[in-house]
Amino acid sequence: MTFVITRPCCNDASCVSVCPVNCIHPTPEEPEFRTAEMLYIDPETCIDCGACVDACPVGAIFPDDELAEEDEPYLRLNADYYLDHEVDAGEPKPVRTPKLPEGEVHVAVVGAGPAAFYATEELVRHPSVHVDMFDRLPTPYGLVRAGVAPDHSATKSVERTFSSTARKKNFQYCLGVTVGEDITHDELTERYHAVVYASGASTDKRLGVDGESLPGSVAATDFVAWYNGHPDHADDAFDFSSARAVIVGNGNVALDVARILLTDPDDLASTDIAEHALDALRSSAVREVVILGRRSIADGAYTNSEFLSMRLVDGVDVVIDADDLELGDELARQVSEGSVDSTIGSKVRLAREYADHGAQGADKRFVFRYLTAPTRILGEDRVTGVRVVRNTFDADAGRIVPTEETSDIATGLVIRSIGYRGVAVDGLPFDDAAGVVPNDAGRVVGDDGVHVPGHYVAGWLKRGASGGIGTNRFCGQETASSLIADIIAGSLPAPTGSRDDVAGLLASRGVEPIDSTGWAAIDKAERDAGRASGRPRRKIVTVDGLRAAAGG
Ligand code: NAP
């Protein structure tokens with residue numbers, strides 16, 4: 001028997017360090033780890049001890065003989081990784097906690113999402129390091145709360161890891177505080193030895209085509225925030241009167257959005273989707289969602305596990321036209337010889353399976369189109385369609401190029417899902433082209449190329465908007481390790497003030513931070529309200545409502 005990792009895998013590698021035979025790869029030490037879609041168990045090496053099951057924060061690991069039918073393809077997905085990856089099945093490397101000099105160190109962490117928490121987890125291992133975590137919302141967990149799709153409840157259980165960090169004595173929440181408004185960057189640096197910015201990538205990338213700003217053309221970042229009950233988007237409205245919606249981009253966010261658009265609202269009603277979104281989706285006329293990828297099936301930006309799970313949405317067919325499966329000569333040769341990278345090979349295999357399977361007569365459908373890029377969003381007063389161009393391979397140039405072939409897709413709703421983008425933070429340098437704060441292993445690097453003492457970044461603001469939740473674990477740990485090394489080297493600037501007056505300073509501005517007790521009260525209120533209607537929680541979607549629930 002072997003254990004098998006399935007879709008909710010968060011890549012945070014909690015399982016790797018507990019495996020006695022090192023059969024879970026890629027490990028954080030292996031180069032593939034940074035880009036791995038998920039982790040995989042080697043069926044040849046697994047000794048069936050189950051240690052990984054207990055360590056997995058999201059319940060993604062099962063014994064092969066207990067796999068649900070829909071998870072059976074993961075047996076092959078796990079095994080296939082080992083066809084083209086040489087792995088070291090030696091002992092996992094022990095983690096050592098370095099000893100710090102005497103004296104308390106005070107760190108402000110800005111943001112309360114995964115990267116913030118993973119960095120904090122490393123910092124608060126040291127009892128002398130005290131972390132105050134700021135977030136502009138009254139709730140923690142960043143994109144785990146406001147980004148992960150409501151139907152992916154297993155993924156959200158990673159919150160348990162974060163809440164155990166938040167229970168440490170040397171940690172406190174300062175939620176509902178906007179750094180840059182309620183307290184400035186300089187006021188933080190005066191009061192803390194170090195400030196770690198992990199405030200994410202809060203805006204969307206732009207397509208740069210005509211018609212992009214027409215009503216009916218919306219950013220996936222906004223749509224996701226809306227259905228997840230983010231207070232900034234509680235009053236948004238989307239027009240679902242068209243039978244077809246078009247999503248531009250084929251990353252995991254595009255797939256999340258597509259599923260939410262077509263999943264039966266009665267099924268969504270058992271999730272933590274925002275009530276306003278559920279109500280609006282109940283009267284949706286959308287029956288077809290077209291997902292546009294500008295490159296080939298081999299370049300789908302989604303992970304295989306998410307692509308695989310599209311077939312599990314009840315009452316929705318997955319449609320791929322065999323003509324869209326063009327790969328280009330070189331890749332086609334590698335695929336037919338079986339010499340292609342296993343992740344790409346699986347992508348191609350799954351797409352071909354969908355194409356072969358065909359539509360099964362469901363009244364709703366996901367239509368995946370490849371080598372198809374938007375050139376214009378059509379409409380006068382609002383969106384009526386998308387003009388697309390067919391792309392093809394240019395073997396000489398080694399890239400995709402547009403052909404002369406264009407066509408129009410009629411739709412009233414275009415969702416641009418082409419990635420998130422970081423925004424500049426007051427007081428920090430910013431690389432506008434990349435949408436990140438320049439840094440060296442999390443140490444902020446100024447325009448002169450020198451580390452700005454006491455300034456750090458983690459997560460999407462540090463490396464751009466890529467990678468799932470677990471990717472942030474190593475990103476956050478790297479930043480924390482840099483900070484810890486700087487404590488040991490004595491290179492952190494001594495604060496001129498004290499963190500003790502932060503509460504007073506905020507109070508003088510009429511801002512009452514929400515602490516762990518306040519968040520616990522919000523959490524309880526939401527869970528209680530959810531229980532009454534058979535849901536994990538019923539989210540409170542306004543800042544005033546959240547503050548009231550916090551008891552403040
Ligand atoms: P993403 O993975 O970067 O995908 C962006 C997509 O937009 C790609 O298909 C890209 O195509 C396309 N695109 C970019 N510019 C375009 C343009 N001008 N015209 C047409 N298409 C364009 O971004 P994402 O989906 O927002 O996800 C962000 C990160 O969060 C990813 O790492 C993702 O895996 C992660 N995430 C994970 C989960 C999960 O694990 N379940 C869920 C949600 C998000 P090209 O590839 O050709 O550039």
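Order of appearance sets the numbers: ligands from 1, and atoms from 1 within every ligand. Position 1 is the first residue of the sequence, and the numbers go up from there.
Between E330 and R333, at least one side-chain nitrogen of the basic residue sits less than 4.0 Å from a carboxylate oxygen of the acidic one, meeting the salt-bridge criterion.
Legend: residues meeting side chain to side chain donor-acceptor pair (under 3.5 Å) with E353, ordered by chain and number and at least two apart, are R349.
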List of N/O pairs, ligand 1 versus protein, all under 3.5 Å?
unit_1, atom_1, unit_2, atom_2, d
ligand 1, 9 (O), N250, N, 3.0
ligand 1, 9 (O), N250, OD1, 2.9
ligand 1, 15 (N), R294, NH2, 3.4
ligand 1, 25 (O), N252, N, 3.4
ligand 1, 25 (O), V253, N, 3.1
ligand 1, 32 (O), G467, N, 2.5
ligand 1, 34 (O), N252, ND2, 3.1
ligand 1, 41 (N), E306, OE2, 2.9
ligand 1, 46 (O), R295, NH2, 2.9
ligand 1, 47 (O), R294, NE, 2.9
ligand 1, 47 (O), R295, NE, 2.8
ligand 1, 48 (O), R294, NH2, 2.8

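The aromatic rings of H230 and H233 lie perpendicular to each other, with more than 60° between the two planes, well past the 30° mark. Under the 30°/60° scheme for interplanar angles, the aromatic rings of F162 and Y141 are found to be tilted. Between Y302 and F368, the two ring planes are perpendicular [angle over 60°; tilted spans 30° to 60°].
Judged purely by distance below 3.5 Å, without hydrogens or angles, the side chains of D151 and T263 never pair a donor atom with an acceptor atom.
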